[in-house]
Amino acid sequence: MTQTLSRLTGAALALAVGPAQAATGIDARIQAIFGPIADWLSAAVFVELPLPGGLSASAIVVWLAVAACVFTVYFRFVNLRGFAHGFRVIRGDYADPTGPGEVSHFQALTAAVSGTVGLGNIAGVAVAITVGGPGATFWMIVAGLLGMSSKFVECTLGVMYRRQNADGSVSGGPMYYLQQGIAANHPKLAGLGKGLAVFYAACIVGGAAGSGALFQANQTFAQVFAVTGGAEGPLAGRGWLFGIGLAVLTGIVVVGGISRIGKVTARLVPAMAAVYLLAGAVVLAVNADRIPTAVAAILHGAFSGEAAYGGVLGALIVGFRRAAFSNEAGLGSAAIAHSAVRTREPLTEGFVALWEPFIDTVVICTMTALIIIVSGQYLQQGHDGVALTSQAFATVLPWFPYVLTVAVFLFAYSTMITWGYYGTKAVGFLTGESVLAMNLFKAVFLAMTVVGCSMQLGSIVGIADAMLLLMSIPNLIGVYLLMPVVRRELDSYLARLKSGEIRSNRVRPATESPR
């Protein structure tokens with residue numbers, strides 16, 4: 001595999017386009033309007049860096065990968081040594097009911113996970129394997145493990161610099177630590193911090209429309225369209241109608257804010273993960289004899305390929321890109337949800353955030369990849385995205401795509417309600433918490449779900465990837481400037497944890513504290 005990332009990107013955007021392919025009327029007109037926009041955004045964001053051997057790599061993917069490596073080393077592999085402590089915080093060992101905030105650690109995690117555990121875990125993995133081969137799976141896992149460190153630092157900053165509003169609600173995320181954190185710690189760069197914050201907020205609004213509404217709605221409709229008869233079924237050419245129904249269901253929760261989102265996701269995320277993982281376990285159990293071969297294919301593809309250098313690089317680039325789209329480490333979006341946590345210790349939410357990329361990429365994405373590979377469906381032509389994953393499930397039992405349809409809907413729905421919240425908070429930052437502006441955004445966001453059900457997958461992938469990854473530029477500039485602040489906070493937290501100043505609500509050995 002010696003092609004450049006531009007070819008890889010082109011291949012991803014040229015995949016078969018699902019239900020919109022046969023669409024006419026309103027659906028076709030919507031595609032004609034938004035398709036060129038997707039092409040322009042992809043060309044602008046995925047600038048190529050030349051590499052030896054005539055290859056090239058997307059600068060934005062390199063930017064994310066380098067940051068994850070830097071944070072992992074700088075914080076002394078906190079992604080590994082803080083993992084167990086994060087679990088104890090999630091289960092409530094260090095809960096502070098009197099602390100400022102709106103939701104518990106568990107609710108904050110499920111709200112953030114609901115924004116990442118979406119169709120990137122189902123459709124995105126299929127795209128990665130189709131374009132980068134089985135070896136892309138290995139690099140997705142590596143990116144997920146490294147991304148845990150990125151989530152740790154940005155979610156800690158989100159809580160450190162959040163704002164308590166007059167009505168008791170909390171506003172936080174990169175917009176606030178870029179503006180306030182940089183101004184407080186680098187006064188001469190206050191103007192830069194404000195500019196980065198505004199740019200980031202604008203990117204969040206676009207990311208909410210692209211990733212949170214367009215992509216999720218598109219792939220949900222693709223799966224429902226397939227199981228209801230396809231081009232001969234009742235939904236042919238009526239993606240907009242399905243989108244209206246999805247928008248109504250999403251609006252019911254989005255309008256209620258983070259408290260309602262936290263309550264819904266606390267029940268929805270475990271349920272949807274259980275449905276998907278149980279269904280996936282059945283597929284893997286039936287194909288248990290093929291799992292060793294699938295693992296071998298993943299490892300072989302990660303370190304070899306048609307041409308070793310090009311094959312490894314191609315698989316690595318695709319794997320890191322799809323991992324970024326799936327778990328959003330380095331993009332800062334999850335910090336918005338984590339900022340609402342009820343705590344007086346910002347570091348506790350940093351440890352909780354470690355679990356997000358692990359659940360999203362290491363567990364769920366890996367299972368999806370194994371299902372696709374053991375079924376052999378990735379070698380077949382004519383399927384892409386969620387349709388490829390659906391075919392992989394169908395190789396075990398013909399009715400399994402219906403189980404997948406339930407999982408797809410739950411994944412998409414949970415992602416959409418969280419991203420609706422992210423975009424609303426970004427608009428609030430830009431407009432001084434204008435209620436009118438935030439309500440207007442909610443209306444536009446819900447309208448985008450209708451548009452998403454009427455577009456081709458290639459255009460959706462282009463818009464979603466571009467707007468999502470663009471957020472990493474201002475976010476990581478700010479995180480680099482503020483990571484010494486988090487390092488000091490981490491050292492203080494660990495010292496107080498070791499001394500017993502920070503106490504667990506459970507009896508535990510003193511040696512349990514992360515070191």
Side-chain angles (χ1 to χ4, degrees), residues 34 37 41 102-103 108 111-112 114-116 154 157-158 161-181 193-217 246-248 250-262 265 328 331-340 414-452 463-464 466-475 478:
F34 286 91
I37 297 175
L41 275 175
E102 300 180 74
V103 294
S114 73
T116 58
E154 60 195 12
L157 286 169
Y161 294 101
R162 64 184 177 177
R163 184 177 71 185
Q164 195 82 27
N165 299 318
D167 62 358
S169 64
V170 173
S171 296
M175 303 86 71
Y176 295 91
Y177 62 69
L178 289 173
Q179 181 174 356
Q180 299 172 17
K194 183 175 181 179
L196 292 174
V198 171
F199 180 56
Y200 183 88
C203 288
I204 273 282
V205 174
S211 176
L214 292 175
F215 183 79
Q216 303 300 323
L246 190 58
V248 170
T250 304
I252 292 172
V253 179
V254 168
V255 171
I258 190 62
S259 295
R260 185 179 297 175
I261 291 172
T265 57
E328 301 165 20
L331 308 186
S333 53
I336 301 174
H338 285 282
S339 296
S414 67
T415 298
M416 290 171 67
I417 61 178
T418 297
W419 271 92
Y421 173 74
Y422 290 169
T424 301
K425 283 299 181 183
V427 170
F429 174 82
L430 292 171
T431 63
E433 302 295 326
S434 167
V435 175
L436 176 62
M438 290 189 287
N439 286 336
L440 179 61
F441 168 79
K442 291 176 183 178
V444 172
F445 177 83
L446 297 175
M448 287 297 99
T449 65
V450 181
V451 174
I463 291 176
M467 296 307 300
L468 199 67
L469 297 181
L470 190 61
M471 290 156 45
S472 69
I473 297 176
N475 178 57

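Since the model is a prediction, treat every value here as computed from it, not as a measurement.
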Please find the pair of heavy atoms, one from [X] and one from [Y], that lie closest to each other, and give the distance.
{"X": "F445", "Y": "M416", "answer": "CZ-O, 3.2 Å"}
{"X": "M471", "Y": "S333", "answer": "CE-CB, 3.9 Å"}
{"X": "L178", "Y": "N475", "answer": "CD2-O, 4.2 Å"}
{"X": "A201", "Y": "A426", "answer": "O-CB, 3.5 Å"}
{"X": "A337", "Y": "A108", "answer": "O-CB, 4.2 Å"}

Give, for atom [atom1] of [X] and atom [atom2] of [Y], the distance between the pair rounded to the nearest 0.5 Å.
{"X": "E433", "Y": "T424", "atom1": "CD", "atom2": "OG1", "answer": "10.5 Å"}
{"X": "Y177", "Y": "L196", "atom1": "OH", "atom2": "CG", "answer": "11.0 Å"}
{"X": "I473", "Y": "C203", "atom1": "CD1", "atom2": "SG", "answer": "7.5 Å"}
{"X": "F199", "Y": "I204", "atom1": "CZ", "atom2": "CD1", "answer": "11.5 Å"}
{"X": "Y422", "Y": "M175", "atom1": "OH", "atom2": "CE", "answer": "11.0 Å"}

For a side-chain contact (heavy atoms from CB on, under 4.5 Å) check, start with the C-alpha distance between I336 and W419, then their side-chain angles and the critical distance, and finish with the verdict. CA-CA 10 Å; I336 301 174; W419 271 92; over 6 Å; no
Any donor-acceptor N/O pair, Y200 side chain to L331 backbone, under 3.5 Å: yes
Test your reading of the model: is there a side-chain donor-acceptor pair from S339 to the backbone of G158, 3.5 Å cut-off? yes
Take F429 and S171 through the test side-chain contact (heavy atoms from CB on, under 4.5 Å) and record every step on the way to the result. CA-CA 8 Å; F429 174 82; S171 296; over 6 Å; no
Given Y421 and I417, is the side-chain contact (heavy atoms from CB on, under 4.5 Å) satisfied, shown in steps? CA-CA 7 Å; Y421 173 74; I417 61 178; over 6 Å; no
